[in-house]
Structures are given as structure tokens and as C-alpha cells.
Amino acid sequence: EPIPFRAKVEQRMVETARIVHSVAGGTFPVKVIRWPQATPDGRRAVFQALGRLWVKDLPSGPARRLTGAPAGEMEFAPRLSADGGTVVYTTWSDVEGGRVKSVGLDGSGGRTLVDRPGHYLSAAIAADGSDLVFERGGPDPYRGRRWAEDPGIWRVRLDRAEAPRLLAREGSGPVFSADGGRVLLRSREGERAALVSLDLRGSDRRVIATSERAVDFALSPDGRWLAFEEGWQAWVVPLPPGPGPLALAPGMKDPPAVRLSGDAGTFLSWSADSAAVRWSLGPDLFEARPADLFPPRGEEAAAGRPAPRGVGAPALPLGWEEPCPPPATDLWFVGGRVLPMDDLSVIEDGVVHVRGDRILAVGTRAEVPVPEGAAVVDAAGMTVMPGLVDVHSHHGSSGGGVHSRRSWALEAMLAYGVTTIHDPSNDTRMFHAEAEMVRAGLRTGPRMLSTGTILYGAEGDFRAVVDSPEDAAEAVRRTVAWGGRSVKSYNQPRREQRQQIQRACRDLGVMDFPEGGSTLPWNLTQILDGHTTVEHAIPVAPLHGPERGLFAASGTCYTPTLNVGYGGLWGENFWYARTRVWEDAKLLRWVPRSVVDPRARRRVVPSDAEEYHHVILSRTAADLLRAGVNVEVGAHGQMQGLGTHWEAWSLAQGGMTNHEALRCATSGGARALCLEGEIGALRPGRLADVVVVEGDPLREIRDSARVRWTMVGGRLFDARTLEQVAPDRVPLPEGPDLDTIDGEAANSRCACE
């Protein structure tokens, strides 16, 4: 039985990091520059961004399109020929699949080199132009499994009519050796990553180098130098002669490895004469000359060596400001029950006036008269509320760096009224590449924010080693370089490491969304140390007065992710057991049946309501909300679009009113992302993110999923078809056949961290 006691405890609490930023503006910086390479004369660079190939005069010329590809075809993985006159690249079309193509550096002479539809991830041409090697990928959770047969490394002669020859079933990133006699590719040698070479028939396999965690290798054309990417950094090492493979490691001494990159380095390449090695980070290209980094034989080893944290090479900026002007919208939502959501007020027979990408006026019909002839959305009998904000949204990404034109996951979210997502664990380059396409109007979906790849403290090839404030600052800066405004500190085992990341975030103006790994002491120190949020449910429930008081005093926000609540049966299992999800026609229009059926039809055996732990967790969330803690929703990607509503419904199960739960899903999410000045509420001056719901979710909260119209940034979509209907009609282009989506791959990508 309870034994009353009192204890005096003193703790130092750090002010919560709240970094106000903006998602508005008529332009945005293009930061996701992929596969950049410089021409042999160093005067131009070729790269990919916004789904297209670009060429830019160095050092400061404007970026210009290299091809005139049609709107439905996207371009990836450019690679310059040895003479710099030709660019070989891959394409993807949701309707026609991918091809391997080439084009002259001046944009002329475009050719299709491989016309068989496929998932082509990379390609390279021999120095004499007679031979092509390419990587053909397998099924993908967004591109689908159509055209995914025969994955592997292939070679085809371009100077004669012959069928491509399979060289290897495994491996990636194939290129020719300088003499064209062998093919180099990334592979595995036991448990280690390896750079291997094959002859032109795919035999005589030779291992050049191995590494415990390297993710890329680049051999210089003359064979004297080897660059590799490991631990997020770019390194270069002289390649000694000899038959045996070289065992690589960062900071190795014999032969010595020199760190090239400052904060991080990727997309390794060499000049044609092997004199310069290049790498990039976000929109910037860097270059160093290995001969300048290594002392002549016999001299003191430290002489002329670069600093431990990189060579300090000057950056060549490749990015630019992309225009994204507001739409020419002038629209009135009239007659609905308006829920502003920055408080618990209700406006009956309300009017919301949108002009451009902003809300101009909100009030009753008497307060906001509608002029004769105005463009009107009749919301009578419906509920008008802000767009939903999913703070913990996972939707995974395509493999091999090649994403589809359309994304069923993003479209499902938009169809269910989710207008802003924050993904606290995704592939940095892939997520931000897609986010830039959405912002540029090249893809349909909600506003996209993400931490990118987590700052992972456990073992693995993407581990973020944080042993000093400098390490932490590097990790945060490399996230910012690709467009991130937040990081996720995850499984960093020592509080000191988590504090170092938090300090770096404060210094650099970045939010920190940590996860406690179902460990209460970690959660408590994250609150004490002023992290922006705590992600995932605090596992101990109920929380008592001291913990609730600590949380309320901190200002840290709480994202309980009840769909996957720690400590017992998850919330998603309750909704699978209590609703016939597999019969939801609207959901099945956007989410592949191969994703829906395994979860919905073969669900956890229904249990009594009291066995579902998420209800206990939601009671804690309600207690915290009443104590003054900001609570927001995060669906964890468990069922795209619909899962965000489940999260709000689960909050209502724990004692919140329907209005409070919906406020967590809108205004609460905006505040957690430090965007409450722009989204999350229907007020004049806010961005025009508006959802019209058929029914009254204040009375029956499940009505929240009955979304009829979704407006994001002033563009109005019919939630049944996702056709844009204002300011003008834009039909949704044809996308991948959902029946070809591999549900097992999609579920694993969406549900895990």
C-alpha cells in the first residue's frame, strides 16, 4: 500500500530550445545537389537537383537545365565521360519506367542507350565511348515492382548491336577502369564493405580494398589514390602496389589516410588526370590535390599535413534560390463550423477568407461579409479547421537515390488533411530532395520537414560519433547543409553526449527532437536539458506529481506516438481490431492494398479494452496537457494519413475532450515545430492550411477523417481525387500502379526508425 514520504530534490533545468523559423517565402534555397562532378578543365559542373540535370559555369554562373526532358520523366545519377563531353544518366517515369540515356554537355545529341524499361540506378561509359556499364535495381516501395526483374550489374557494347550481358547479381555504383578493361563496383567481402573489380565478362573477381563501415569508394584514374567515405567523412589514401586488398579505416597510419572533408563529405569523384579529388556536402562542391596533402617520401610525416578535421578546401556553391510564388487564390469558405484551434473557441456559421497563400479574415458571416460573385466553398453542415500537423511522421524513401514522381504515402496524408509533416528519421538526401520538389510545385504532398538521418549513437555504418562539442557541431552542421532545421539525438548513451548535441543545436539555431528509447531516466534528463520535444511515449504510466511538475515547468513538448506506444499493446492495434480498415475505399485509393491488408486483416487478436496500454499512456498525455505541457500528435507512419487521426482519437480515449485532442493535432503540432506563428490555426496572417470535414468531430471525433477538402499554402485539393481545384484546376498526373507496390518493403520502411 502507498507509504507517504517527502524528499527535497534540486535539479538544474535548462531553458527549452525553441528555434523560431519560417516555412513561408517566395523563394527557397535549393540545397540537395546530388552527383556533382566538374569537367576536366574545371570550368563547369554537372549535377542533379529538383529531379533534373543541371550544368553550371564555375565558380558562380547560374544553373541551367541540361536537357528538355518531359514533365513526367525525372533524371538521376549523371556521370561525365572521361573527356567531359558527354553525360550518361538514368531516368524514371512512373508510367514508362526508367532508361539509361546520354547527352552532350551542351545539351545536344541526346540518345537512349538502354531502352528496356527498368529501375536504373547508375551508369558509366568507357573512356573510348564504346562500352556501357549500368546498375539495374529491384522492387521499390514507391516505384513498385513493375520492370524490376533482372537486378544486377550489366554491360553492353554501344558500337555494335548486342544484348546486355549480366556481370554480377550483387554490387552497386559500377564504373570502368581507366583503360576500359575492367569494371569497378562497391560490394561486400564477408562482413566488410569492399571495392572490387571484375573483368568484362564478370569473372576474375579481385578485391582492391575493404572497410568496416565505408559506404563509397573512388579509385583515381591512374590507380595511385583511393578516396573513400566512412563515418560521414571523405578520406584519401595512397594505394600501395601489391596483390592483397587494402584494409581501410579512418585515420589509418600505414599507409596514411587524410581526412578531406570538414563537416562531412560525399559524392566522391576524381579529375581525369588524377590530380584532384572532389567531394560535396549539400549545395557545395570541394576539391583538394592529394599531392599537396602527403609529404615527399623521407620527410617528416606531419609536414604539410592537413588539420585533423579536414583540409579546409574552399567551397564552390552549386545551389540557388528557386522561386515559389504564392498562388493566385481568392477563396471564401462559407457557412461551416470554424475551429480556429489556437484556443477552444467555435465560430458557428463561419467564414474563412484566403488570398494568395495567407488567411485574410476569419469570423462569422456577419463579421466577414462575402462579396457578390466571390469564389466560394460551401461548407454548410461541415467543420472547417486548420490542416493537421504530424510531428512524428515516417514514410521511408525509395532505394538507390531514385524516387518516384508521385508518392502514395504523401498523397494519403494530404487526402486525410495532413498539411505539414515532420519526419524524425529518414534518409537525409532523399527526404530533402523530395521536400524541395514539393515546395517547387513539382510533386503533390504536404509541407515536408525532417531531421534527416538520425544522430545515432549505436553501432552501424551511419553511427554519429559524438565525443566532444566539436563532433556534435559537425553532426548538426552536416544536417543543416542539406536543408534540415532539426536533428534527432537517438541512442547516444551518455547524457554528456546528448548535452553536446543540444548545445550545438542552440548555437546553430536548430531544434533537437530526441528519443528516450523507452528509458525513463533518459526522458527526464532530456526534459531537464531543454530539448525541444520528447519523442515516443514515456514508458512509465501513470506519471506522478514530481514528473508531471518537472515536465510542465520545462517547456519541452511531448509527442507520445500512441500508435506505437511503449509498454503494451499499441494503439494502432486497437483501431485495426475495432474498425474494418481493409474496407475503407478512400484509404485504398491512396494506400496499396499490399500495405493495408497485412496489418488490417491479419491484425493482433482483439483484446479487452483495458488491455490496450495506449489508453493508459493517453491518460498521462491528458494529465500533462492539463498541467500545461504542449502535447502534439505523431502517427509514426503506421497507416499513412489515417494514422494521424488514430493518434488524435487515442488522445481522446485518455480523457481529453475531442476539441483538445484535435487541437493537439493542429495547433499543438505547430508549436512543437516552433511554427505557431505560421501554421496550426485559422487566424488572419497565418498560412492558408485549411481542412473541411464532413460532420462534427467535436461531437464524434471519428468524423475528423471524413476530409472533403484540403488546402495547403493556398492551393485547394479535392480530398477524394487530389485534383487541385483552386486557384486553377490541375489534375493529378498518372502515377505508379499501386498493385505493383511491395507491401512488405513499404511496411518495413514506414514502421521502423
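Source: prediction; values computed, not measured. In this chain, numbering begins with 1 at the start of the sequence shown.
Side-chain contact check for Thr419 versus Thr710: some heavy-atom pair is nearer than 4.5 Å. Side chains of Asp284 and Pro317 form a contact here, defined as non-hydrogen atoms less than 4.5 Å apart. Proximity of Asp423 to His394: side-chain heavy atoms (C-beta onward) are separated by under 4.5 Å at one or more points. Contact annotation: the side chain of Phe431 never approaches that of Thr453 to less than 4.5 Å [non-hydrogen atoms, C-beta and beyond]. The side-chain heavy atoms of Leu246 and Ile208, taken from C-beta on, include no pair separated by under 4.5 Å. A heavy-atom distance below 4.5 Å is found between the side chains of Val595 and Trp408. Residues Val712 and Phe717 are in side-chain contact: their nearest non-hydrogen atoms beyond the backbone lie under 4.5 Å apart. Annotation: side chain of Thr39 is in contact with side chain of Leu80 (closest heavy-atom distance under 4.5 Å).
For the 3.5 Å distance criterion, the side chains of Ser122 and Glu135 qualify, holding a donor opposite an acceptor. With 3.5 Å as the limit, one finds a donor-acceptor pair spanning the side chains of Thr266 and Arg429. Inspection of the Thr67 and Glu75 side chains reveals an N or O donor paired with an N or O acceptor under 3.5 Å. Side-chain contact of Arg192 with Thr210: a donor-acceptor pair under 3.5 Å is present, judged by distance alone. A donor-acceptor pair shorter than 3.5 Å can be found between the side chains of Ser211 and Glu230. Between the side chains of Thr644 and Asp390, at least one donor N or O lies within less than 3.5 Å of an accepting N or O. Side-chain atoms of Trp35 and Gln37 include no donor-acceptor pair closer than 3.5 Å. In summary, the side chains of Ser197 and Arg182 do present a donor paired with an acceptor at a separation below 3.5 Å, with no hydrogens or angles considered.
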Problem - Derivation and outcome, salt bridge (Lys or Arg N to Asp or Glu O under 4.0 Å), residues Arg593 and Asp739 - result: CA-CA 7 Å; Arg593 184 168 284 283; Asp739 290 338; over 6 Å; no
Problem - side-chain contact (heavy atoms from CB on, under 4.5 Å) between Val156 and Val100, intermediate numbers included - result: CA-CA 11 Å; Val156 64; Val100 179; over 6 Å; no
Problem - Check against side-chain contact (heavy atoms from CB on, under 4.5 Å), Arg79 and Val175 - result: CA-CA 10 Å; Arg79 180 171 287 276; Val175 296; 3.4 Å; yes
Exercise for the section: Decide yes or no on side-chain contact (heavy atoms from CB on, under 4.5 Å) for Arg443 and Met448, but give the supporting numbers first. Expected result: CA-CA 11 Å; Arg443 202 179 202 198; Met448 298 174 65; 5.5 Å; no
Practice task
Evaluate side-chain contact (heavy atoms from CB on, under 4.5 Å) for Thr444 paired with Leu410, printing each intermediate quantity in order.
Solution key: CA-CA 7 Å; Thr444 299; Leu410 296 179; over 6 Å; no
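Residues satisfying the salt bridge (Lys or Arg N to Asp or Glu O under 4.0 Å) test with Arg188, not counting sequence neighbours, are none. Residues passing the salt bridge (Lys or Arg N to Asp or Glu O under 4.0 Å) test with Arg589: none are found, sequence neighbours excluded. Looking at residues two or more places apart in sequence or on another chain, you find a salt bridge (Lys or Arg N to Asp or Glu O under 4.0 Å) between Glu287 and Arg278. Residues satisfying the salt bridge (Lys or Arg N to Asp or Glu O under 4.0 Å) criterion with Asp737, sequence neighbours excluded, are absent altogether.
For Glu734, the CD atom sits in a loose shell: 12 or fewer heavy atoms of surrounding residues, nucleotides or ligands are nearer than 6.0 Å. At most 12 non-hydrogen atoms from other residues, nucleotides or ligands lie less than 6.0 angstrom from CD of Glu191. Within a 6.0 Å radius of CZ in Arg201, no more than 12 heavy atoms belonging to other residues, nucleotides or ligands are found. Counting heavy atoms of neighbouring residues, nucleotides and ligands inside a 6.0 Å radius, atom CD of Glu96 does not exceed 12 of them.
Applying side chain to side chain contact (heavy atoms under 4.5 Å, CB included) to Trp154 and the options Leu166, Val114, Leu132, Val133 leaves one that passes, Leu166.
Using a 30° and 60° split on the angle between ring planes, Trp235 and Phe228 fall in the parallel class, below 30°. Trp147 and His119 have tilted rings, their planes meeting at an angle from 30° to 60° on a 0 to 90° scale. Taking the six-membered ring where tryptophan is involved, the planes of Trp320 and Phe47 are tilted, since the angle between them lies from 30° to 60°.
The stretch residues 166-181 participates, sequence neighbours left out, in no salt bridge (charged side-chain N to carboxylate O under 4.0 Å, His left out) pair at all. For the salt bridge (charged side-chain N to carboxylate O under 4.0 Å, His left out) condition, the pairs that include at least one residue of residues 403-414, sequence neighbours left out, are Arg406-Glu411.
Closest of all the heavy-atom pairs between Pro283 and Ala481 is CD-O, 3.3 Å.
Judged purely by atom type and a 3.5 angstrom limit, Arg34 has no side-chain atom pairing as donor or acceptor with the backbone of Ala433. Between the side chain of Glu436 and the backbone N or O of Lys31 there is at least one donor-acceptor pair closer than 3.5 Å. Under a 3.5 Å cut-off, the side chain of Arg143 and the backbone N or O of Gly399 do form a donor-acceptor pair. Side-chain atoms of Thr428 never come within 3.5 Å of backbone atoms of Gly452 as a donor-acceptor pair (strictly under, hydrogens ignored). Distance alone, capped at 3.5 Å, places no donor-acceptor pair between the Trp54 side chain and the Pro62 backbone. In this structure, Ser271 contributes its side chain and Ala276 its backbone to a donor-acceptor pair below 3.5 Å. Within the 3.5 Å criterion, the main-chain N or O of Ala234 finds a donor-acceptor partner in the side chain of Ser261. Judged by distance alone, the side chain of Thr479 and the main-chain N or O of Gly484 form no donor-acceptor pair under 3.5 Å.
Using a 4.0 Å cut-off between charged nitrogen and carboxylate oxygen, Arg186 and Glu229 do not count as a salt-bridge pair. Electrostatic pairing of Asp597 and Arg602 does not count as a salt bridge here, judged by no charged N lying under 4.0 Å from a carboxylate O. The pair Asp131-Arg155 meets the salt-bridge criterion, with a side-chain N (NZ, NE, NH1 or NH2) lying under 4.0 Å from an Asp/Glu carboxylate O. Ion pairing between Lys586 and Asp584 fails under the 4.0 Å rule for side-chain N and carboxylate O.
With rounding to the nearest 0.5 Å, the separation of CG in Asp216 from CG in Leu268 is 5.0 Å. Here the straight-line distance linking atom OG1 of Thr91 with atom CD of Glu73 works out to 4.0 Å at 0.5 Å rounding. The CE atom of Met74 lies 8.5 Å from the CZ atom of Arg52; values are rounded to the nearest 0.5 Å. Atom CG of residue Leu53 and atom CZ of residue Phe76 lie 9.5 Å apart, to the nearest 0.5 angstrom. Considering CZ of Arg145 and CG of Asp140, their distance stands at 12.5 Å, rounded to 0.5 Å. Between the CG atom of Leu316 and the OG atom of Ser280 there is a distance of 11.0 Å, given to the nearest 0.5 Å.
Aromatic ring centroids of Tyr490 and Tyr456 lie under 6.0 Å apart.
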